[in-house]
Amino acid sequence: MKAPLAAGLTAVAALAISGCVANAPAPTSAPSGSTSDPGAAAAGVLTVSSTDTDCTVSTNTAGSGNATFQISNEGGQITEFYLLGSDGLRIVAEKENIAPGASAELSVSLQPGDYFTACKPGMRGANVGETAFTVTGDPIELSGEDQELFTQAVADYVNFVKNEVAELQPKVDELAKAYAAGDDETARNAFATTRVHYERIEPIAEALGVLDPRIDYREIDYLAEADQLKGDDPTFTEWLGFHRMEKDLWVPADDAVQPDGAPAWEGWKPSTTEQRKVIADTLVADIATLYDTVHGADFIATQGLDIATVSNGASGLLEEIAVGKVTGEEDWWSHTDLYDFQANLQGARIAFDLVAPIAERKPEGKELVTQINAEFDKLQALLDQYGSLEAGFVSYAEVNRDQQRELTDQIDALREPLSKLTNAVLGIA
């Protein structure tokens with residue numbers, strides 16, 4: 001399931017490579033719309049109250065350094081919390097899938113700059129309570145071994161992303177060619193295996209403004225945010241991307257419904273030959289933009305990627321599985337969800353493997369890393385029962401409720417220790 005203007009990996013916009021630095025003291029008063037808790041902010045803890053109509057942060061000014069947002073969902077819907085860049089589009093950090101009455105933590109390393117905070121009750125539609133958030137103080141700098149380890153982990157992760165996009169691009173070209181030509185059998189056979197490369201690096205793509213909505217929004221996501229998306233990109237006037245192709249390739253039955261219960265044919269009909277060509281050409285162009293962006297010489301600096309980006313990325317991809325894949329909502333018409341599930345799991349483990357050596361150097365980090373590795377292994381073993389990327393996976397329509405529950409329980413068993421990873425990497429007690 002998608003978040004606003006693409007959510008996922010934690011850290012784009014104004015975060016730079018950084019380490020464990022104490023926050024500067026917060027001001028003693030906060031602007032209207034927030035309550036001030038200078039002691040907590042100075043200690044690196046900020047509280048967030050999310051309701052169905054508002055998103056209140058304990059202060060909207062904090063000092064640079066490591067910080068933890070403690071989020072309480074006091075509303076009646078599952079919610080998400082975002083730290084957005086100064087343009088209000090790019091996702092700097094996010095925590096999703098917070099159930100009513102539940103709490104969650106989001107740890108980040110804040111560089112000076114202007115941001116926004118916001119929540120999304122129901123996890124689709126417009127943000128609520130979007131409020132300016134300012135980070136003051138000096139830029140965070142590291143030296144010695146920490147700097148070397150952090151820099152190398154980020155560079156290795158970006159190289160992984162570059163490689164996946166480089167593999168994605170020619171496969172998208174072939175998928176788009178078959179789809180535009182009406183060769184549906186070839187396109188259906190290519191659909192799931194092409195998307196694997198996108199799903200492995202989805203959090204990075206999701207953080208690039210409207211690019212991910214153009215490439216990978218489902219119909220219900222686009223309809224929920226159409227006005228906002230058009231405002232951010234005037235050329236984005238219709239539903240596009242992988243999932244538009246999916247619905248054309250696996251045409252719903254007359255009585256089929258969307259994940260939200262709406263009739264599948266309401267406001268939709270199969271794309272014409274002319275429409276297919278536009279959709280195919282647009283996807284090819286958008287993937288080319290993705291390629292150029294991640295291969296840019298200044299990609300790390302301009303997107304503000306840091307060690308928290310990599311660490312939180314592991315959790316973000318696991319949330320992608322929990323929110324969309326295990327429920328069967330992601331590939332609603334093709335039932336190829338297990339391919340996406342595997343890709344997300346692989347992407348999460350790669351991000352984890354890159355930061356695990358750093359976490360192991362911190363107090364209690366070695367025990368945490370051991371626990372996370374064990375839970376990753378258990379989840380992979382469960383998924384292996386349904387196939388592999390090489391041999392193919394069974395249709396998710398064949399996975400019954402009890403089996404889905406077994407997968408969900410193991411996802412939850414991994415989510416709990418994985419949620420502590422960034423704190424361990426940053427040295428936050």
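Note that these values count all heavy atoms, side chains included, but never hydrogens, waters or copies made by symmetry. On a predicted model such as this, the values are computed, not experimentally measured, just so you know. Sequential numbering from 1 along the given sequence is applied to the chain's residues.
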Exercise. Identify, with sequence neighbours excluded, every residue that meets side-chain contact (heavy atoms from CB on, under 4.5 Å) alongside Asn189.
Key: Glu185
Quiz prompt | salt bridge (Lys or Arg N to Asp or Glu O under 4.0 Å) contacts in which one or both residues fall within residues 272-284, not counting sequence neighbours | solution = Asp184-Arg276, Lys277-Asp281
Quiz prompt | Lys177/Asp173 salt bridge by N-O under 4.0 Å criterion | solution = no
Exercise. Under the ring-ring contact (aromatic ring centres under 6.0 Å, His included) rule, collect the residues that match up with Tyr396, sequence neighbours excluded.
Key: none
Quiz item: Are Lys171 and Glu164 close enough for a salt bridge, meaning some N to O gap below 4.0 Å?
Solution: no
Quiz prompt | Residue pairs involving residues 289-299 (criterion side-chain hydrogen bond (donor to acceptor under 3.5 Å, both in side chains); sequence neighbours excluded) | solution = none
Practice problem: Could I get the full list of side-chain hydrogen bond (donor to acceptor under 3.5 Å, both in side chains) partners for Glu398, not counting sequence neighbours? | Solution: none
Self-check item: Sequence neighbours excluded, every pair satisfying salt bridge (Lys or Arg N to Asp or Glu O under 4.0 Å) that has a member inside residues 234-261
Solution: Glu219-Lys247, Glu238-Arg244
Quiz prompt | Basic-acidic side-chain contact under 4.0 Å: Glu199, Lys325 | solution = yes
Practice problem: Could you name each residue pair satisfying ring-ring contact (aromatic ring centres under 6.0 Å, His included) that touches residues 118-137, not counting sequence neighbours? | Solution: Phe69-Phe133
Quiz prompt | Under the side-chain hydrogen bond (donor to acceptor under 3.5 Å, both in side chains) test, residues paired with Asp52 that sit two or more places apart | solution = none
Quiz item: Which heavy-atom pair separates Cys55 from Phe81 by the least distance, and what is that distance?
Solution: SG-CD1, 3.9 Å
Quiz item: Applying ring-ring contact (aromatic ring centres under 6.0 Å, His included), which residue pairs with at least one partner in residues 323-359 are found, sequence neighbours left out?
Solution: Tyr339-Phe393, Phe352-Phe376
Quiz prompt | Pairs touching residues 410-425 that satisfy salt bridge (Lys or Arg N to Asp or Glu O under 4.0 Å), sequence neighbours left out | solution = Glu319-Arg415, Asp412-Arg415, Glu416-Lys420
Quiz prompt | For Phe116, all residues meeting ring-ring contact (aromatic ring centres under 6.0 Å, His included), sequence neighbours excluded | solution = none
Practice problem: Please list, chain by chain and in numerical order, all residues satisfying ring-ring contact (aromatic ring centres under 6.0 Å, His included) with Phe160, sequence neighbours excluded. | Solution: Tyr157
